[in-house]
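As the structure is a computational prediction, the values presented were derived from the model and not from experiment. Counting starts at 1 for both ligands and their atoms, in listed order.
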Amino acid sequence: MTTTRAVHARSLVDPDAFWAEQARRIDWQTPCEQVLDYSRPPFARWFVGGRTNLCHNAVDRHLAKRAEQPALVHVSTETDQRRSYSYRELHAEVNRMAAVLLALGVRQGDRVLIYMPMIPEAVFAMLACTRIGAVHSVVFGGFASVSLAARIDDARPRVVVSADAGSRGGKVVPYKPLLDEALRLAQNPPEKVLLVDRGLAPMERTPGRDEDYLAWRERVGGTQVPCEWLESSAPSYILYTSGTTGKPKGVQRDTGGYAVALATSMEYIFCGKPGDTMFCTSDIGWVVGHSYIVYGPLLAGMTTVLYEGTPVRPDAGILWQLVEQYRVNVMFSAPTAIRVLKKQDPAWLTRYDLSSLRMLFLAGEPLDEPTASWIQSAIGKPVVDNYWQTETGWPIIALQHGIEALPAKLGSPGLPVYGYDVRIVDEQTGAECAPGQKGVVAIEGPLPPGCMSTVWGDDERFVKTYWSGFPDRQRYSTFDWGVRDEDGYLFILGRTDDVLNVAGHRLGTREIEESIASHPAVAEVAVVGIADPLKGQVALAVCILRDAGRAATPQDRMALEGEIMQTVDRQLGAVARPSRVVFVGALPKTRSGKLLRRAIQAVAEGRDPGDLTTIEDPSALAQFREALQG
Ligand code: PRX
C-alpha cells in the first residue's frame, strides 16, 4: 500500500520521476525535454520545452468523451438565475469570447484584466485568455477604484473585461462607476473595455473605448479560435495579493506546471473523478476560485458549480440545497462561511439529502476546533482542512485522502503535501525547530510545479520578499508561524507579517493605512488585525487627528468614524473597511519610532501587552485603552 509519507518522500528524493509521471495527466502538444530546470535558484522552470494549453486541457480535451456533460453550472440567488453549460456549450462560449478578445486586439502575452461578478462570462473570459495565450488578471469584484487602478497600472492590460454590476445580499453593487474612476486614476489605462450588461445597473459608456459583449458575441458568431500551444513556463495569469508594503504583488503563474499540479491535486487531495461535481464557494477573484472553481475541476473533467450569493440567502440551507440538487461530490468552502452557519438553526443542515457529498474541504484561514467538530458532526462527512497561499496555487499542507485515509487531528491541516519540502525553522538562525517548538513555516527550494514563478515584472522583489528571510540559506518563507507535533502533523499559528485575514480575505494593513491617511482629518494611522469570533480577524484603525478637536464629543467621533469607513469603501472596497476606528493623541511606539503592533493587538483583544521596556511613551497604551472603551 502507498502511504502519504512514502509518496511525499519519493516526490522529494526523485522529483523528476514523480512529476514526469504526473505530467501524463494532461495533454501536451510537445512533451518536455527536461522535467525541472533549477539552474537559476530560486527560479524553477517545470517541464522545460513542453508545449501545452490550459484551455485545451480544461475544455477541448473533454469533448471526445463528455461533450454533453454539464461543465459549468451557474447559480445566482442574487438574480434568481440558473444556467448550465455542457462541455460542448462551454467550448462554444469560450471560442466566442476568444474571438472577441482577438478582434479587440489582444495577442499572445498581452494582459487582460477581468473585473467581474460571479457570472459565467467571467469564466469564459479566463478560459478565452488562456486559450489565446493572453495573461489574465482577475481582480476581486469587492475591490474598489484605488485598488483596481493600482492593479491596472502594474499589469497594463490591453483590455479590461467587466460588467454593469454585481450583487451581494440582495443589494446591487454597480461596478462600472468604480471601473470608470479606476481608469481615470490609472497612469496606463487600456484602450478597450468589454462590458457584459446584466441589466442590473445603468452604465455610462465612453464611445470608442467601451464595447458591448453581447453585440460582439453576435458579430463573431461561431468562429473557431485554435488553442495557442505555449511553452510550459509561459505565464498563464497574474493574481495580485497583499503583503507588507502598500503595493500589491502580482503572483505570476506558469502554464504547464499549474495544469499538472492541479490535475494531480484533484485526485490525491480532493478525490475528484471525471463526471463528479465540485462546488467551491469561493470567488473567482481569489486563488481558491482560480484553482478550484475554474481550472482544477475542469481539468479533471468534472462539473463545477459557480455560485453568486451568500450562505444565508434566501435561507441558511442554500448551500446544502445546492449539494442535493446538483449531487455535489466535492465541496470546498472557508471556515468563515461555516461560522456564519453555526449561528443559524442547525435544522438547515439535516434538511437536504447530502448522500452524494464525500468530503468538505476548508481553507483560507485557521479552522478552529469548535467549528471543525461542529460541522463534521452536523453533516456527518469528513472535514478536510488544507493550508496554502495565493503564491502556491494549491495545498501545501493537507491530509491526502486520494493517497491514504489518515486520521485528522483537530486544529491541524495535516501533513506536508507531496512536492513541498516543508520545514519549521527558527526565524533568527534558520535552524530547524524540534517538534513542539514554534517557528516559521518555510519551504526548501525548488517550489513544486504550479507555484508562483516570480512577481510580475519584478524578479528582484520575488527573491527579496520570499527567499531572503533566513540568515543561513535561501529558503521560501510562507510568513506564517507553525509547529510540528511528534507525528509530523503541522499546526498553523498565524502570520509573521502585517497581513490581515478577514473572513478568509487577505488584506494588507499598509493599503488600509494609506487609504485612511488620505482623509484630510487624519495625521497618522495604524491598522491592526484583531481576533473576531465570526470573521477570524477584523481590522481596527487607530488614528491621530490633525486637529484633536474634531473628535471632542461622541457624536463627532461617530461622524468621523463613518467618514473614514466611507473613504475606505470608496477607495479599496467594503472588504477592507475597518470594523472600528478609534482616536488617540499618541500611538504606542518604540523609542526608535517602530509601531508596537503586537501591543496594540493584545490590548484590543483584552490580553496582556507583554514586554513594554522599549515603549517611548507608556501613557500611549493607556490612552488607547481608554479610547477603546469610549
Ligand atoms: O496565513 C495563512 C492563511 O491564509 C494565508 C494565505 O491566504 P491567501 O493568499 O488568500 O490564500 C488562501 C489559499 C487557501 C496563509 O498564509 N491560511 C490559508 N489556509 C489556512 C490558513 N491558515 C490556517 N489554516 C489554513 N488551512
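- For the atom pair L341 CG and L319 CG, the distance stands at 6.0 Å (nearest 0.5 Å).
- Aromatic pair H8/Y418: centroids not less than 6.0 angstrom apart.
- Closest to atom 7 (O) of ligand 1, if we only count protein heavy atoms, is R506 CD, 3.7 Å.
- For Y258 and Y237, the ring centers are positioned less than 6.0 Å apart.
- Of all the atoms in ligand 1, the ones that sit under 4.0 Å from a non-hydrogen atom of V287 are 11 (O), 13 (C).
- For ligand 1 and A363, the ligand atoms under 4.0 Å from any heavy atom of the residue are 14 (C).
- D480 OD1, 2.7 Å is the protein heavy atom nearest to atom 1 (O) of ligand 1.
- In this structure, R506 pairs ionically with E391, as a charged nitrogen and a carboxylate oxygen lie closer than 4.0 Å.
- Considering only non-hydrogen protein atoms, atom 6 (C) of ligand 1 sits nearest to W388 O, 3.5 Å.
- Protein heavy atom closest to atom 24 (N) of ligand 1, with residue, atom name and distance, is E365 O, 3.4 Å.
- Heavy atoms of N386 found under 4.0 angstrom from ligand 1 belong exclusively to the backbone.
- Nearest to atom 19 (N) of ligand 1 among the protein's heavy atoms is G364 N, 3.1 Å.
- Taking the six-membered ring where the residue is Trp, the centroids of Y292 and F361 are separated by 6.0 Å or more.
- The proximity of R495 to ligand 1, defined as any non-hydrogen pair under 4.0 Å, is limited to the side chain.
- If you check each of V288, L367, T241, D385 against atom 26 (N) of ligand 1, the one with the closest non-hydrogen atom is D385.
- Classified by interplanar angle (parallel below 30°, tilted 30° to 60°, perpendicular above 60°), the ring pair W467/F462 is perpendicular.
- Looking at Q389 against ligand 1, both its backbone and its side chain come within 4.0 Å, counting heavy atoms.
- Ligand-side atoms of ligand 1 in range of T390: 8 (P), 9 (O), 10 (O), 11 (O), range being under 4.0 angstrom from any heavy atom.
- R156 CZ: 12 or fewer foreign heavy atoms inside a 6.0 Å radius.
- Close contacts of ligand 1 with N501, meaning ligand atoms under 4.0 Å from a residue heavy atom, involve 3 (C), 4 (O).
- A distance of 6.0 Å or more separates the ring centres of F279 and F332.
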Evaluate ring pair (Phe, Tyr, Trp, His ring centres under 6.0 Å) for W394 paired with Y420, printing each intermediate quantity in order.
-> CA-CA 11 Å; W394 56 284; Y420 291 98; 4.8 Å; yes
